Structures are given as C-alpha cells and as structure tokens.
A.B. asks: 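One structure, as structure tokens, below. Some questions next.
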Amino acid sequence: MASFDIAVIAGDGIGIEVMEETLRVLAVLEEYESDFSLNLEKFPWSTEYYLEHGRMMPEDGLEILKKFDAILFGAIGDARLPDDLTIWELIMPIRKQFQQYVNFRPVKSLPGIHSPLSNGEEIDFVIFRENAEGEYSTSGGTMFDGQAEEMAVQNVIMTRDGVEKITRAACEYAMKHGRKKITNATKSNVIVHTMKMWDKYLKQVVAEEYPELEVESNYIDALVAYFVQRPQSFEVVVASNLFGDILSDLGSGLVGGLGLSPSANINPEKEFPSMFEAVHGSAPDIAGKGIANPIAQIWSGALMLEHLGRLDLADRVTTAIEDVLREGEVKTADIGGTATTAEMGTAIITKIREQYEG
Ligand code: ATP
C-alpha cells in the first residue's frame, strides 16, 4: 500500500471552497484504489490565523511541513491584510526554503472551452518559471520615507546555478514528452547583467546537455505579442520569476481563464516537499458564494498525483475534467454556466466513478 502524507493549506477566500472539492475528488480515488492512500493533515494558516496569532504560520511552520510528501495549497489574500504580507510570510518562504525552483504551468486547450485566440487550433504548451530567485527577492531597501529625496532599491538576484537548474528541468520535461523546442523569455538587450547571464547559461545547458533541442530566444515584449498571434507554436517556455508569472496568466487567459489553470511548485530533487496550487488567488469578489470553478485546484491535485508517481490517477482526474467540459452540461459562471462549485466537483467525481464502474 503506497501511502502519502499530504499537508493541506486551504488559505483564504475561494481557496477554501475549491480545496473542499479537490479533497472530495482525491477521496474517491482512494475509495477505488486498494494500493493508494493519502494521510491528509489540514493546517489553518490563513488571514484568520494571522489575525488571531500575529503570524501567517507558526514559527516552526516550515519544520512542520518538511516531513510531508507534498503540500496542497489553496489561495491566500484578504482585504484585511496587505497582499505582500500574506505572500511573503507564507507562500514565498515555502517556495524558497523548500527549493521549489520550478513553477510548472500547463497551458492547454480544453474541450468545450472557447479560446479567444486559437482559431480552433489546439494550444498545448508548458511554462517553466524560475521560482526561487530572480526579480522576486527581498534584497533592497528604502530611504528618506515621505521626503522629497525618497528612494527605493529592489535587487534582482540571479545565479548561474539557478539558471542552469530551471533550464535543465525544462529540457528534461521536453525530452520526456517529445517536445523539440525551448522558448527563452529574455530581455538581455536592456537588462544587461542578469538577463545576459540568464541567456548565456540557458543556451549553454541546452547546447551541451540537450543538443537535440532547439532554443528560440524572444525578448519578453515581442514574446507576449507572439503568445497572442501564434500560441500554437510554443512547446516549452522557460522564463524568470517575474516574466514567468506574467506569461502564465496570459497563457491562462488564452485557454479559458484562471478557473481552469493549475500549477505546481516543484523541488525536482524531492529533497523537500513540492507544493500544488491553482494559478488564481483568493478571488474576494466571489468568495463565500459557492460559485468558484474548482477545476484549477482539482487539476493541481492531479499534478500532485503525477509528482507522487501516480500518473495513472492523474490521468483519471484530467480525463474526468475533460469529459465534463466536453459535455458542457455543468459549467461554472466563469466559463459561461450557472453551476456551483460543489456541482462541478460532483460532476467530475461522477465521471471518475464511471471510469471505474464502466
Ligand atoms: P488575489 O489577490 O488573492 O490573487 P485576486 O482577486 O486579485 O485575488 P484572483 O483571485 O487571481 O485575483 O482572480 C481574479 C478574478 O478572476 C477574480 O476576481 C474572479 O472573478 C476570477 N476568478 C479567479 N479564480 C476563479 C475561479 N476559480 N472561479 C471563478 N472565477 C475566478
């Protein structure tokens, strides 16, 4: 019996609602699979927790999480706290301390979902965003607060090791999935220190270790236009933390929106737990109404299953999602329907049961 220890942090807003459906889906798999079980431990780390305890997680939060096989994360963000506090006290420490230097985001056309740009041609690429350094650093500071001379410095930290590792992860994926081309998102014509180094080691790793792969380098401003003009031409996109963040939301918009976009924060060496979360945030505008689309989070759960070595179960979940969308009878508001979060969860569960029961 393969049993996995999973830390569950539902967080705030719709994170709580979409997590509930994800756990229901995972429970159904456990019901049918005699050699698979999940030991879930729920952690209430959220804005509510901060208001009560003065911190987003306990002092030894990372120590607690370290022993788990994976972390399933909902969303964080609430008007009662500044966004940077919730992000830098919970998500960022997990991503950075656990060396989750790969942020993996698939961008794929789904049946029954209209893409504003695809012309009916299938979009199917993945983004490998560097997730542990780059533009999202705490290095810097401010001086002369409120005075005419006020100044701020924010440093971009890039390391040769960091660039090589994200490039290797992307290339490994490309080799495993029969992809031929790596698209490099850069801006080395203007950002001449960090981005030039980024280009140098990215190209070197591909040339020396993956000569079968082709590298296409695009300046980020041109690349966003190409995302719109020819999204079908991409296979594996590699980007720094900031560029990758922006490209992922654009990618998500290309194939139906945030309610359908999963992500994985991966430590490929499996030295630390990896974390699986929807691309979307806590969506305060629809929180508490029971109308959020749970697909992005359920699909993130499928990415977790794949990471745990159960690609067969991941496939069951993504097939069920595609079947529900293809039929088009159950749709949440973000994709043009009236179904509730729970109704969408139930529809996916029904499809999984059908797979087992025939
Ligand atoms: P945060 O600051 O936590 O990131 P946000 O509201 O600024 O939250 P998102 O939560 O990413 O940003 O979402 C932006 C908008 O997209 C939301 O206001 C919501 O209307 C819509 N949205 C996001 N996720 C979903 C979802 N799962 N289902 C339906 N609509 C969604």
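Predicted, not measured: the structure shown is a model, and the values here were computed from it. We're numbering straight along the sequence, starting at 1. For ligands, and for the atoms within them, numbers begin at 1 and follow the listed sequence.
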A.B. asks: With rounding to the nearest 0.5 Å, note down the distance linking CG in Leu247 to CZ in Phe227.
C.D. replies: 4.5 Å
A.B. asks: Examine Phe128 together with Phe104 and report whether their ring centres are nearer than 6.0 Å.
C.D. replies: yes
A.B. asks: Would you call Lys176 and Glu172 a salt bridge, taking side-chain N to carboxylate O under 4.0 Å as the test?
C.D. replies: no
A.B. asks: Any non-hydrogen protein atom below 4.0 Å of atom 7 (O) of ligand 1?
C.D. replies: no
A.B. asks: Suppose I only count heavy atoms of Gly259 and a 4.0 Å limit; which atoms of ligand 1 are within that range?
C.D. replies: 26 (C), 27 (N)
A.B. asks: In ligand 1, which numbered atoms sit nearer than 4.0 Å to a non-hydrogen atom of Ala283?
C.D. replies: 6 (O), 8 (O), 10 (O), 17 (C), 19 (C)
A.B. asks: List in chain and number order the residues that pass side chain to side chain donor-acceptor pair (under 3.5 Å) with Ser233, two or more places apart in sequence or in another chain; answer none if no residue qualifies.
C.D. replies: Arg230
A.B. asks: As an exercise, state the distance from CD1 of Ile266 to CZ of Phe272, rounded to the nearest 0.5 Å.
C.D. replies: 15.5 Å
A.B. asks: I need the atoms of ligand 1 closer than 4.0 Å to a non-hydrogen atom of Ile14, numbered in the order shown.
C.D. replies: 24 (N), 25 (C), 26 (C), 27 (N)
A.B. asks: Please state which protein non-hydrogen atom is closest to atom 14 (C) of ligand 1 and give its distance, to 0.1 Å?
C.D. replies: Leu258 CD1, 3.8 Å
A.B. asks: Determine, stepwise, if the pair Asp161 / Thr159 fulfils side-chain hydrogen bond (donor to acceptor under 3.5 Å, both in side chains).
C.D. replies: CA-CA 5 Å; Asp161 187 51; Thr159 64; 5.2 Å; no
A.B. asks: Are Phe43 and Tyr49 close enough that their ring centres sit under 6.0 Å apart?
C.D. replies: no
A.B. asks: Any protein heavy atom under 4.0 Å from atom 21 (C) of ligand 1?
C.D. replies: no
A.B. asks: Is it the case that Arg179 places NZ or CZ above or below the six-membered ring of Phe125, under 6.0 angstrom from the centre and within 45 degrees of the axis?
C.D. replies: no
A.B. asks: Determine, for Glu235 against Lys181, whether the closest basic-nitrogen to carboxylate-oxygen distance falls under 4.0 angstrom.
C.D. replies: no
A.B. asks: Under a 4.0 angstrom heavy-atom cut-off, which atoms of ligand 1 come close to Pro284?
C.D. replies: 6 (O), 8 (O)
A.B. asks: Any ion pair linking Lys196 and Asp199 (charged N to carboxylate O, less than 4.0 Å)?
C.D. replies: no
A.B. asks: Below a 4.0 angstrom heavy-atom separation, can you tell me which part of Thr332, side chain or backbone, both or neither, approaches ligand 1?
C.D. replies: neither
A.B. asks: Please report which non-hydrogen protein atom sits nearest to atom 23 (C) of ligand 1, along with the residue it belongs to and the distance in Å to one decimal place.
C.D. replies: His280 CB, 3.7 Å
A.B. asks: From atom 1 (P) of ligand 1, work out which of Gly77, Ala333, Ser261, Ser282 has a heavy atom at the shortest distance.
C.D. replies: Ser282
A.B. asks: Given that the side chain starts at C-beta and the backbone is N, CA, C, O, which of these parts of Asp285 lies under 4.0 Å from ligand 1, counting heavy atoms, or is it both or neither?
C.D. replies: side chain
A.B. asks: For atom 27 (N) of ligand 1, what is the nearest protein heavy atom, given as residue, atom name and distance?
C.D. replies: Asn293 O, 3.0 Å
A.B. asks: Give the atom numbers and elements of ligand 1 that come within less than 4.0 Å of a heavy atom of Ile76.
C.D. replies: 3 (O)
A.B. asks: Please classify the Ile286 to ligand 1 contact at 4.0 Å (heavy-atom distances, strictly less than): side chain, backbone, both or neither.
C.D. replies: side chain
A.B. asks: Return yes or no for this condition: an N or O of Ala292 is under 3.5 Å from an N or O of ligand 1.
C.D. replies: no
